[in-house]
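Heavy-atom basis, side chains included; hydrogens, waters and symmetry copies ignored. Residue numbering restarts at 1 for every chain, and letters A, B, ... go by the order of the sequence lines.
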Amino acid sequence: MDYKDTLNLPDTKFPMKGNLPQREPEMLKQWAEVDIHNKIEEAGKGKPRYVLHDGPPYANGHIHIGHALNKILKDIVLKSKRMEGFAAPYVPGWDCHGLPIELQVEKNLGSKKHEISKLEMRKLCREYAAKFVGIQRAEFERLGIFGDWDEPYLTMNASYEGATARELARFAENGGLYKGKKPVHWCSSCGTALAEAEVEYADHKSPSVFVKFALKEDAGSVAPELAGKKPSMVIWTTTPWTLPANLAIALHPELDYVALALNSGDVVIVADGLKESFLKEIGAEGEVLAKFPSKLLEKKLARHPFYDQDSVILLGEHVTLEAGTGCVHTAPGHGQEDYELGLQEGLDIYNPVDNRGRFYENIEFFGGQFVFDANKNVIEKLTEVGALLGSKEISHSYPHCWRCKKPVIFRATEQWFISMEKNDLRGKALSEINNVNWIPKWGRERIYGMIENRPDWCVSRQRSWGVPIAAFYCKSCGHVMADGKIMHQVADLFAEHTSDIWYDWDAAKFLPEGTSCPSCGKNEFEKEGDILDVWFDSGTSHAAVLELRDNLGSPADMYLEGSDQHRGWFHSSLLASVGTRGRAPYKNVLTHGFVMDGAGRKMSKSVGNVVAPEDVIKKFGADVLRLWVAAQDYRDDLRISQEILTRLSESYRRIRNTCRYILGNIHDFNPDTDCVPFAEMPELDRWAMHQLELLKEKVLASYTDSEFHILYHAVNGFCTVEMSAFYLDILKDRVYTSKKDSQARRSGQTVMYKVLDALVRMVAPVLSFTAEEVWAEMPGTREASVHLALFPALTPEVKDEALAGRWEKIIKIRSEVSKALELARVKKVIGHSLDAAVAIKATGDTEALLKECADQLAEIFIVSKAGLAGEVSGEVYVAEGIEGLEVGVSAAPGEKCERCWCYSEELGKDAEHAGICPKCLAAVK
RNA sequence: GGGCCUGUAGCUCAGCUGGCUAGAGCACACGACUGAUAAUCGUGAGGUCGGUGGUUCGAGUCCACCUAGGCCCA
């Protein structure tokens, strides 16, 4: 007879294949139908709060793998916090203002862009941003990210724009906001400032000149050889037109400089390391009179070559020996490094050039001249005064305007700043950094170094798509009015109508009745045309979102972004919050690395190594992508490739199959009535419970520590090693062949049920779709969704170190037995391990241990017969790992039981069931 | 060029404050099973721990330099 039907074989409709690309969207639909988001919110009521504040991605384009990584990490953190018992709301956000959108909209408009008003332009930007918010939202939701997708925060919302303006008002009130000058890329032809993205580099011909700046005083204090001489500093520049704006000469603080006596009779000073190339360039010969460190020249004064003014000698790290003389012409109004040095040294940010690129009329010699035309006149002047040492034309890479293709200049313009020193913003920010927990720890060093050295924050942009700076200018005297009180009122209006009204209403409508200029007393004003830096927008999200939403709060428990945000959002948020609240907006900052290709190189379209989240989802499913996020150590850069994903999907299958197998084996198990008490379980089951407890400890700790890759490896190893290859394999015989409701079988089922229940909960934050799928198939009464459940409670009473220690040795012996079985298999003595009888010879502790559990050995080794013996015969294997252990394998005696497939010498006891063993007989009868 | 970081088997990761012939899972090869079956089990073969030099009785682990790569600046 066929005994298969008398066995308790696994039975489940849970499919082996995940088929995630098809199944996941169905799950999403199901979640939407039951309104899982609302249920989670409900379930969170009354629980302690955990706020992870979302850094807003830019509302432009489709999501890329980096976005997916970031959002999945956040989702894992939040889901795990909920399962730890927190109310953890998630309000996603988008960064909607800024240049890239404005440029894209302009591009789409083509020539029409000149015909429309700023207000219309902003309307189009608004629509554009909204469109991509919709696209990205759908893409994020597809990843299984739970959150308030119906009410995300958008930096272009009225309430947000109002809050942004309000934060600026606070800076205006406390004196942190000021107007100053800063050099920017300037297109003289278009008459506008250019952002970095609007600048393209192309070859350009420029004059290259060496110019003398005579020292004002005797150089005897620098080197005795120079006593009585007034040598000249020699600078090199390719923009002679900036010489009228020269205010300083920069030397490198750690380099040596030399005084050269030229054959022309001049004594000049250049960097030691550049003297040969310099002499070659000017075609002269020279002799070193003295060599000295740059420090001796610090703060000494040189004469401007053609103006009656001084040029001070300063030290700056930016000076290099790549070209020139090591003495760098410094015009703070015309160069970034010059500007920074100028700020540091308190120089004027001097700019003598107007919007059209012409020198102001009052500029001696060059008034009214266009700067590029002025080059030759400057050179003539230098020749005339005898300050020119050499001149030629060179071709080099130079910034050009992307629109009109003309070369651009660097020119200081009026800008709004937030001071790093006023109210000690820098000092407070630095000390707040120390109050934040940076994960990983080096994040602290990184942001600390940046805050320590950064210049004042330039918050103004000469653009349309952003929050206007609500300042006013007096029409008659030009006085700037950035009045905190008025700005607060404007902010309220923005919050009501959006900041579009700035481009719609007259200035008077924003100003209180009777406002007059504090400088001249007149009462006609103009609105400021500049808007705010988008980093100010997002930097104020703590005020616009955390403080304004009832279910959130500031400071947040966590900000979680890529490591580039040390300069970006972490940075701007810190300054915005410290500057107005005196504290950091976050308690923990977690950073992740960037996604690289399989070889660890950055992805780029041109190289063709880009992995799109969409493709991964189509091919493997979101859960595999989520598993990828969990498997990688995100603190370093992460790699993704076909191979990695294939590996991951295989390990996904292992976890899935373990769940499926258990589901199949507990299909007739009712946890409410069938559980066997721990104390009544056989040793093997108690061992499994001990292992499960260890896994729980490890996994829960890895959630607390945000070390998800540890969890991945732990779960993977548990499913593979402890469960599949050991416990579940051994358990088969018992669960399949025992009587359905026997205590032995129920005990195994109890363990499997507890394993699955714990496993599915612990894995839910990562494998959100699959866990839910398993959850639905599980017996017993439970929450409607695994995402409404808690992590398994720790049950340390289930741990038994002594038992675990004993079994560790048993497992070691088992692996030696496996080797012996393998040898016998190769020699065709056995096929399946149940074909074998094993005899073991052992000594000392090993022997004692084996004696203790002699009656379990066959079960543990999954053989038909096993026992201790004084001498072993058959295929003998001498263990390498255990001293004195010998294993003999022979074909099991007796006949194969038709039912349990074990060999037995006691077959045929029952006439009706002649082909089965006594054990099976008992089960069948 | 500067700041911060990383480099352990084909892949993903362990390896605490220096101390055993460097581990795990996956992949691979071979085998078994056919009652987890587009599954499962077993065995095996893979590493000059990026490189060089140093400190030490002893270094994957500490130091220096080099190299490859990443983020942010210049």
Side-chain angles (χ1 to χ4, degrees), chain A residues 2-12 14 16-17 317-322 336-337 340 440-450 452-454 562-568 571 591-602 627-628 630-633 635-654 656-665 707 709-710 712-721 724-726 728-730 732-733 735-737 814-815 817-826 828 830-835 862 899-901:
Chain A
D2 187 3
Y3 287 97
K4 191 163 173 176
D5 295 339
T6 71
L7 295 169
N8 309 300
L9 292 176
D11 179 20
T12 177
F14 187 87
M16 182 140 80
K17 272 198 79 179
E317 298 279 352
H318 64 285
V319 176
T320 69
L321 292 181
E322 272 166 38
Q336 183 59 34
E337 285 160 334
E340 280 168 23
K441 289 190 293 293
W442 51 257
R444 185 214 163 263
E445 320 305 325
R446 202 162 163 188
I447 194 165
Y448 197 95
M450 289 174 186
E452 207 172 16
N453 295 314
R454 67 156 297 148
S563 62
D564 57 334
Q565 299 303 325
H566 285 110
R567 170 143 309 259
H571 192 112
T591 49
H592 59 256
F594 277 67
V595 184
M596 302 293 139
D597 71 6
R601 308 203 172 238
K602 73 167 112 195
L627 192 61
W628 167 76
Q632 299 253 338
D633 185 349
R635 289 165 296 197
D636 194 3
D637 287 335
L638 297 86
R639 296 182 179 200
I640 195 163
S641 66
Q642 282 307 307
E643 181 182 6
I644 291 170
L645 287 165
T646 306
R647 284 301 96 85
L648 245 349
S649 68
E650 272 150 9
S651 99
Y652 167 83
R653 281 215 314 267
R654 162 70 74 168
R656 185 181 177 92
N657 251 320
T658 304
C659 295
R660 174 174 185 266
Y661 182 66
I662 294 180
L663 279 175
N665 276 310
E707 300 209 317
H709 63 286
I710 290 177
Y712 161 78
H713 282 278
V715 166
N716 193 231
F718 180 77
C719 287
T720 308
V721 182
S724 194
F726 187 71
L728 296 178
D729 207 23
I730 293 171
K732 275 179 198 167
D733 179 72
V735 178
Y736 291 178
T737 70
R814 185 180 190 258
S815 86
V817 171
S818 286
K819 282 175 201 163
L821 290 172
E822 187 62 23
L823 285 179
R825 197 139 38 213
V826 171
K828 307 284 181 204
I830 59 162
H832 194 282
S833 62
L834 282 177
D835 299 343
I862 317 183
R899 186 167 175 275
C900 71
W901 294 351

> Separation of A/Glu707 atom CD from B/rU12 atom P, in whole Å?
Replying inline: 18 Å

>> If I take atom CD1 from residue A/Ile730 and atom CZ from residue A/Arg814, how far apart are they, to the nearest 0.5 angstrom?
In response: 4.5 Å

>> My understanding is that a pair needs two contacts under 3.5 Å, Watson-Crick or G-U wobble. By that rule, which nucleotide pairs with B/rC49?
In response: none

What are the atom names and distances for every N/O pair under 3.5 Å that joins the protein to nucleotides 64-66 of chain B?
none

>> What's A/Arg899 touching, base or sugar-phosphate or nothing? Going by heavy atoms closer than 4.0 Å.
In response: base

>> So A/Thr646, base contact, sugar-phosphate only, or nothing? Heavy-atom distance under 4.0 Å.
In response: nothing

>> Strictly under 4.0 angstrom, non-hydrogen atoms only: write out the protein contact profile of nucleotides 22-33 of chain B, one letter per nucleotide from the 5' end, B, S or -.
In response: ---SBS----SS

> When all nucleic acid strands are considered with a 4.0 Å heavy-atom cut-off, which category describes A/Leu7: base, sugar-phosphate, or nothing?
Replying inline: base

>> So, OP1 or OP2 of B/rA36: does either fall under 4.0 Å of a side-chain N or O from A/Tyr736?
In response: yes

> What string of B, S and - do you get for nucleotides 69-74 of chain B, 5' to 3', if B is base contact, S is sugar-phosphate-only contact and - is no contact with any protein heavy atom under 4.0 Å?
Replying inline: SSBSSS

>> With a 3.5 Å limit on both atom pairs, tell me what B/rC30 is paired to, counting Watson-Crick and G-U wobble, or say none.
In response: B/rG42

> How far does OG1 of A/Thr658 sit from CZ of A/Arg653, to the nearest 0.5 angstrom?
Replying inline: 12.0 Å

>> For a quick check of understanding: with a heavy-atom distance under 4.0 Å over all strands, which category does A/Asn665 fall into, base, sugar-phosphate or nothing?
In response: nothing

> Given the C1' atoms of B/rA68 and B/rU55, what is the spacing between them in whole Å?
Replying inline: 26 Å

> Base of B/rG58 relative to its sugar, syn (within 90° of 0) or anti?
Replying inline: anti

> Under the salt bridge (Lys or Arg N to Asp or Glu O under 4.0 Å) test, which residues partner A/Asp729, sequence neighbours left out?
Replying inline: A/Lys732

>> Closest-nucleotide mapping onto RNA chain B: is A/Glu445 or A/Lys17 further toward the 5' terminus? I mean the 5' end.
In response: A/Glu445

>> Check A/Glu822 with A/Arg825, please: is the shortest side-chain N to carboxylate O separation under 4.0 Å?
In response: yes

>> Suppose you measure atom C1' in B/rG3 against the same atom in B/rC11; what distance do you get, rounded to whole Å?
In response: 32 Å

>> Which residues pass the salt bridge (Lys or Arg N to Asp or Glu O under 4.0 Å) test with A/Asp733, not counting sequence neighbours?
In response: A/Lys919

> Can you check the A/Asp733 CG to B/rU40 C1' distance for me, whole Å?
Replying inline: 16 Å

>> Work out how far the C1' atom of B/rU21 is from that of B/rU48, and round it to whole angstrom.
In response: 15 Å

>> For the backbone of A/His832 and the side chain of A/Asp835, can you confirm whether one donor and one acceptor N or O come within less than 3.5 Å of each other?
In response: yes

> Can you tell me how far P of B/rG7 sits from CZ of A/Arg635, to the nearest Å?
Replying inline: 11 Å

> For A/Arg635 and A/Glu707, what are the C-alpha separation, side-chain angles and deciding distance, and is it a side chain to side chain contact (heavy atoms under 4.5 Å, CB included)?
Replying inline: CA-CA 9 Å; A/Arg635 289 165 296 197; A/Glu707 300 209 317; 2.7 Å; yes

>> Over all strands shown, is A/Lys732 touching base, sugar-phosphate only, or nothing at heavy-atom distances under 4.0 angstrom?
In response: base

> Taking CG from A/Leu728 and C1' from B/rA36, how many angstroms apart are they, rounded to a whole number?
Replying inline: 9 Å

> Taking OP1 and OP2 of B/rG35, is either one under 4.0 Å from a side-chain nitrogen or oxygen of A/Lys4?
Replying inline: yes

> Can you tell me how far NE2 of A/His571 sits from NE2 of A/His566, rounded to the nearest 0.5 angstrom?
Replying inline: 11.5 Å

>> Return the pairing partner of B/rC57 with a 3.5 Å limit on both distances, Watson-Crick or G-U wobble; otherwise return none.
In response: B/rG19

>> Measuring to OP1 and OP2 of B/rA38, would you say a side-chain N or O of A/Arg660 lies under 4.0 angstrom away?
In response: no

> With a 4.0 Å cut-off on heavy atoms, is A/Asn657 in touch with a base, just the backbone sugar-phosphate, or nothing at all?
Replying inline: base

>> Under the criterion salt bridge (Lys or Arg N to Asp or Glu O under 4.0 Å), I'd like the reasoning laid out for A/Glu650 against A/Arg654: C-alpha separation, chi angles, the key distance, then a yes or no.
In response: CA-CA 6 Å; A/Glu650 272 150 9; A/Arg654 162 70 74 168; over 6 Å; no

> Residues in side chain to side chain donor-acceptor pair (under 3.5 Å) with A/Glu340, at least two apart?
Replying inline: A/Gln336

>> Any strand counts, and the cut-off is 3.5 Å on both contacts for Watson-Crick or G-U wobble. Which nucleotide pairs with B/rA68?
In response: B/rU6

> Short question: side chain of A/Arg639, backbone of A/Asp597 - any donor-acceptor pair under 3.5 Å?
Replying inline: no

> Please give, in whole Å, the distance from B/rA45 C1' to A/Lys819 NZ?
Replying inline: 14 Å

>> Set out, in order, the CA-CA distance, both residues' side-chain angles and the distance that settles side chain to side chain contact (heavy atoms under 4.5 Å, CB included) for A/Leu648 and A/Tyr712, then state yes or no.
In response: CA-CA 10 Å; A/Leu648 245 349; A/Tyr712 161 78; 3.7 Å; yes

> Using 30° and 60° as the class limits, which term best fits the ring planes of A/Tyr661 and A/Tyr736: parallel, tilted or perpendicular?
Replying inline: perpendicular

>> Using Watson-Crick or G-U wobble geometry with both distances under 3.5 Å, which nucleotide pairs with B/rA36?
In response: none

